[in-house]
Each structure stands twice: as structure tokens, then as C-alpha cells.
Amino acid sequence: MLADKTVILGITGSIAAYKAADLASKLTQAGARVEVVMTKSATRFITPLTFRSLTGRRPVDMFDPDSELGIGHITLAEAADIVVIAPATANIIAKLAAGISDDTLTCTVLATRAPTIIAPAMHDSMFHNPITQDNLTKLKARGFTIVGPEQGRLASGDVGMGRLATTEKIINIISNLLERNGDLASKHIVVTAGGTQEPIDPVRYIGNRASGKMGYALAKAARDRGAEVKLITAPTPLPEPVGIEAIHIRTAAQMKQAVAEAVIGADALIMAAAVADYQPKSTAKAKIKKTSPTLALELVRTPDILTEVTGNFLKVGFAAESHDVITNAREKLEKKHLDLIVANDITDRDSGFGSDTNKVTIIDKQGNIDSLPLLTKREVADKILDRVVELLAKR
Ligand SMILES: Cc1cc2nc3c(=O)[nH]c(=O)nc-3n(C[C@H](O)[C@H](O)[C@H](O)COP(=O)(O)O)c2cc1C
């Protein structure tokens with residue numbers, strides 16, 4: 001994936017600049033042509049010689065009269081398959097948000113049409129400052145991909161949000177962006193995941209055993225095939241996948257609202273979430289005390305998201321069944337006007353809730369039944385997406 005790609009690696013004046021050496025080395029080892037651009041401050045943390053040694057190329061300075069690149073920043077901007085600024089200071093983030101171009105790095109970013117990744121690294125207080133947050137929001141809206149920062153120990157000795165994303169994570173994002181010519185390139189896919197939680201009182205809820213793993217696997221597989229993915233997720237302990245817009249919700253009603261907004265302009269909706277069928281009729285404002293020997297909860301139906309959502313996109317549903325799997329799934333497919341339904345037998349030990357594997361049957365509108373063997377959830381995700389690609393091509 002990285003072989004023969006030109007990666008512009010921008011390095012700025014953060015204490016994390018030394019970590020860029022590892023990134024430059026790994027990218028070079030993966031076959032990329034790495035062109036390093038350092039800000040003046042960055043050279044006070046780590047020397048250009050380090051990068052020259054690691055990449056075999058001299059860091060680029062647009063004012064270098066002896067540069068073989070001609071007008072360095074324009075040559076770089078045009079040659080770039082991708083630009084990565086890692087670490088990115090609060091300062092470079094502010095300059096890019098304001099359109100300032102006063103050094104080789106800012107000029108290159110302004111001149112390029114290549115996707116640009118920004119990996120911020122700074123003290124937690126600088127990161128959380130509303131000025132930095134506003135600048136990042138602006139850059140995101142302009143199509144920059146922001147990676148990290150991560151929570152952890154900072155150079156100051158404090159613990160907080162500000163550590164540079166790991167080399168592995170940054171390389172993953174680079175690979176994903178370079179893969180944007182996959183078979184779902186430019187498609188907008190909405191995926192739901194996890195089990196909704198319907199509150200009984202401020203501390204208790206009605207939930208289910210869904211882990212979110214199937215939905216997350218689908219979201220990541222769609223991303224890796226080039227799709228723009230929105231992941232509407234109920235609470236799960238799973239890490240937020242990189243390169244995907246995650247929308248966090250808790251209840252079925254919130255999921256319905258989030259889905260209605262996310263599907264505008266979407267090509268497909270894949271409902272992998274386990275949405276509660278019933279919710280308490282009312283939520284107690286205060287914690288319910290254990291005063292009486294019994295407690296009756298009155299439940300009412302939650303909204304049926306798949307039936308109620310409308311629009312010209314492909315609809316894929318899931319049916320977790322404990323008996324008559326195929327018959328029940330077919331009924332659901334017809335009733336909810338789905339294009340595909342993915343049925344699984346939750347009584348199967350290796351399949352379904354919490355497991356890393358799944359054994360599913362994919363049924364389409366024409367009644368074709370495809371029973372897959374036991375696969376990892378990622379493999380199942382790719383099988384489902386193969387069908388989505390096929391159906392989208394026929395539209
Ligand atoms: C020891 C030291 C560590 C620093 N670490 C960071 C950092 O991690 N993130 C950051 O945004 N600024 C950091 N700064 C401040 C930047 O170096 C400063 O804002 C500089 O002007 C950035 O320039 P540049 O964005 O052109 O590289 C640090 C400064 C010093 C002296």
C-alpha cells in the first residue's frame with residue numbers, strides 16, 4: 001500500500017518530535033518515498049541529519065538555493081500522495097486554520113491537493129483550550145484528518161490528553177486514506193453498533209448482551225474499502241475506530257434520531273445494533289429504593305428504526321434469532337422492506353453476542369440464501385460488504 005507513495009512528513013516543535021524519527025523510518029521501510037519538512041522549532045528538538053539518515057533524502061527547505069527540487073514547496077505539494085504532520089503543535093494547527101503560510105510546511109500544505117493528516121501533540125491544557133479546539137474543528141470541516149492525541153503521561157509529568165498518536169495508528173490512517181480507491185470509494189455508509197440502554201432510573205437501565213463487535217468490524221471494513229463511514233454506537237468498551245465519524249448514543253430513541261440525520265445522502269444503512277424493543281414507560285427521576293418486595297416495570301415499544309427510516313439508500317438489517325432463524329429473518333426482511341438481512345443463531349456458542357466470530361446467513365429480497373461458515377466478524381463484515389457493493393452497482 002505504501003510502496004512508491006510519496007509521503008510528506010511535516011515535523012513541528014513539539015517535545016514529541018523524536019517520535020517522528022520512528023514514523024519516518026517505518027514509512028521508509030514500507031517502501032514510501034518520505035520527504036521531510038521541518039519547522040525551525042522542530043530542528044531545535046531533533047536534527048535534519050536524523051531524517052536524512054533515516055529516509056535517504058534531505059529535509060526540504062523552500063529557501064535552499066541549491067535544492068534539486070526547484071521551488072520546493074510546490075514540487076512537494078504536487079508530488080504528494082499524502083501529507084502527515086506529526087507531531088503537530090498548537091501553533092501549526094492555528095496557522096493552518098488561519099491560512100497562514102510563512103514557512104515550507106505551511107506553504108506545502110496550502111499548495112497541495114493531497115489528503116492531509118494532522119497528529120496533534122501538546123500539553124493537555126493547550127489541547128483543551130477552546131482556541132485549539134475551534135482550530136481543529138475548522139480543519140476537520142476543511143477535510144483534514146485529525147489523529148489523536150491520546151490520553152497518557154505527558155512530558156510535563158502530568159497525565160492528560162496530549163500524547164502523539166502511536167506510529168502504528170498514524171500508519172494505519174495513512175494506509176486507509178491511500179486506499180480510498182477501494183470498491184466503496186466515495187460511498188457513504190452508515191453503520192449502527194452495540195446494544196441500546198433504556199433508563200429505568202438514574203443508575204439502572206434495560207440493556208442487552210450486544211458487544212458492538214460486529215458493527216465496529218463492519219465500520220472498519222467499509223472504511224478500509226474506501227467508504228466514508230458514520231458509526232452510530234451505543235455504549236461499548238471498544239476503542240473508537242480511527243478514520244470513522246463515531247456518533248455516541250444510549251437509547252433507541254436517540255439512535256433513531258441519529259440514524260435519521262446520518263442517512264441523509266447515504267448510500268447504505270447497515271443496522272448491526274441490537275436495539276431494545278421495549279423501554280420503561282417512564283424513567284424515575286431519583287434512584288428507586290428497595291422498599292417494596294416486588295417492583296413492576298411498565299414497558300412500552302421503542303421506535304422501529306429500520307421500518308420508520310426513509311430514503312433512497314440500501315437497507316441491511318440483522319436478525320439475532322434463537323429459533324426458526326431463517327423463517328423469522330425472511331419475515332423481518334419483507335416487513336421492513338430490507339435489501340438484505342443477516343441472520344444469526346444466538347444459541348450457537350461461537351456465534352453472536354460478545355464473540356469474535358460469527359456464523360451467519362445472508363438473505364436477499366429475491367429469496368437467495370447464503371449460509372456462511374464460521375468466520376471472524378471482520379470476514380463476515382467483508383462478505384456483507386461484497387453484497388452491498390454488488391447491490392449498489394445495480395442501482
Ligand atoms: C521544551 C518544549 C516543548 C514543547 N512542546 C510542545 C508541544 O508538545 N506541543 C506544542 O504545541 N508546543 C510545544 N512547545 C511550544 C512550541 O515549540 C512553540 O509553540 C513553537 O513556536 C512551535 O513552532 P512550530 O509550530 O513552527 O514548530 C514546546 C516548547 C518547548 C520549549
Side-chain angles (χ1 to χ4, degrees), residues 151 169 172 189-200 203-225 227 229-256 258-259 262 268-279 302-306 315-323 325 328-329 332 338 340-362 371-385 388:
Q151 177 83 15
K169 201 168 191 178
N172 259 341
I189 311 276
V190 180
V191 179
T192 66
T196 61
Q197 300 179 350
E198 310 302 326
I200 297 169
V203 292
R204 303 179 181 95
Y205 60 81
I206 298 174
N208 61 64
R209 290 175 49 215
S211 64
K213 286 181 180 173
M214 191 63 240
Y216 277 57
L218 272 160
K220 287 194 256 182
R223 171 201 67 192
D224 293 348
R225 293 167 75 149
V229 184
K230 284 186 182 159
L231 173 66
I232 300 172
T233 175
T236 89
L238 301 173
E240 197 169 288
V242 285
I244 286 173
E245 184 184 342
I247 300 150
H248 296 270
I249 54 84
R250 194 169 282 276
T251 66
Q254 289 165 353
M255 183 170 274
K256 182 188 168 194
V259 167
L269 166 65
I270 308 178
M271 284 283 299
V275 182
D277 292 327
Y278 290 91
Q279 65 186 68
T302 51
D304 187 332
I305 301 173
L306 262 177
K315 275 189 192 180
V316 182
F318 273 70
E321 304 288 348
S322 53
H323 59 279
V325 179
N328 287 334
K332 195 167 167 183
L338 306 181
L340 288 177
I341 193 152
V342 182
N344 66 345
D345 182 346
I346 54 168
T347 59
D348 189 329
R349 200 163 49 89
D350 300 313
S351 188
F353 293 134
S355 154
D356 289 323
T357 53
N358 211 350
K359 190 165 177 300
V360 305
T361 300
I362 303 176
S371 289
L372 301 175
L374 184 68
L375 298 170
T376 63
K377 285 189 170 168
R378 172 61 186 239
E379 288 167 333
V380 171
D382 274 312
K383 294 280 184 197
I384 297 167
L385 293 176
V388 168

Close side-chain approach of Thr361 to Val325, heavy-atom, < 4.5 Å: no
When rounded to the nearest 0.5 angstrom, what is the spacing between CD in Glu379 and CG in Leu372? 10.0 Å
Evaluate the criterion side chain to side chain contact (heavy atoms under 4.5 Å, CB included) for residue pair Val316 and Val388; output intermediate values, then yes/no. CA-CA 8 Å; Val316 182; Val388 168; 4.1 Å; yes
Flag, side chain of Lys315 to backbone of Met271, donor-acceptor distance under 3.5 Å: no
Of all residues at least two apart in sequence or in a different chain, which pass the side chain to side chain contact (heavy atoms under 4.5 Å, CB included) check with Arg204? Ile200, Asp201, Lys287, Ile288
If every non-hydrogen atom of Thr251 is compared with every non-hydrogen atom of Gln197, which pair is closest and at what distance? CG2-O, 3.3 Å
Listed partners of Arg378 passing salt bridge (charged side-chain N to carboxylate O under 4.0 Å, His left out), at least two apart: Asp224, Asp382
Which value, rounded to the nearest 0.5 Å, describes the distance between Thr233 atom OG1 and Ile249 atom CD1? 7.0 Å
Keeping Asn208 on the side-chain end and Ala274 on the backbone end, is there a donor-acceptor pair under 3.5 Å? yes
If every non-hydrogen atom of Ala381 is compared with every non-hydrogen atom of Met214, which pair is closest and at what distance? N-CE, 3.7 Å
Identify, with sequence neighbours excluded, every residue that meets salt bridge (charged side-chain N to carboxylate O under 4.0 Å, His left out) alongside Lys230. none
Partner set under side chain to side chain contact (heavy atoms under 4.5 Å, CB included) for Leu238, not counting sequence neighbours: Lys213, Tyr216, Thr236
Side chain to side chain contact (heavy atoms under 4.5 Å, CB included) between Leu218 and Ile189: does it pass, once the steps are laid out? CA-CA 10 Å; Leu218 272 160; Ile189 311 276; over 6 Å; no
Should we count NZ of Lys256 as having more than 12 external heavy atoms under 6.0 Å? no
Heavy-atom nearest pair, Ala234 first then Gly195, reads CB-O, 3.1 Å
Donor-acceptor contact present, side-chain Thr192 to main-chain Ala272, <3.5 Å: yes
Testing the basics here: between Ile384 and Ile362, what is the closest heavy-atom pair and its distance to 0.1 Å? CG1-CD1, 4.0 Å
To the nearest 0.5 Å, tell me how far Leu231 CG sits from Glu245 CD. 10.0 Å
For the atom pair CG (Asp345) and CG (Asn358), what is the distance rounded to the nearest 0.5 Å? 10.5 Å
OG1 (Thr196) and CD1 (Ile305) are apart, to the nearest 0.5 Å, by 7.5 Å
Sequence neighbours left out, what passes salt bridge (charged side-chain N to carboxylate O under 4.0 Å, His left out) with Asp277? Give chain and number order. none
For the pair Lys220 and Val229, evaluate side chain to side chain contact (heavy atoms under 4.5 Å, CB included) and give the outcome as yes or no after the intermediate values. CA-CA 8 Å; Lys220 287 194 256 182; Val229 184; over 6 Å; no
Distance from Asp356 atom CG to Lys377 atom NZ, nearest 0.5 Å? 7.0 Å
Partner set under side chain to side chain donor-acceptor pair (under 3.5 Å) for Gln254, not counting sequence neighbours: none
Correct closest heavy-atom pair for Ala252 and Ala276 would be CB-O, 4.3 Å
Minimal non-hydrogen separation, Ala210 against Gly194, with atom names: CB-C, 3.8 Å
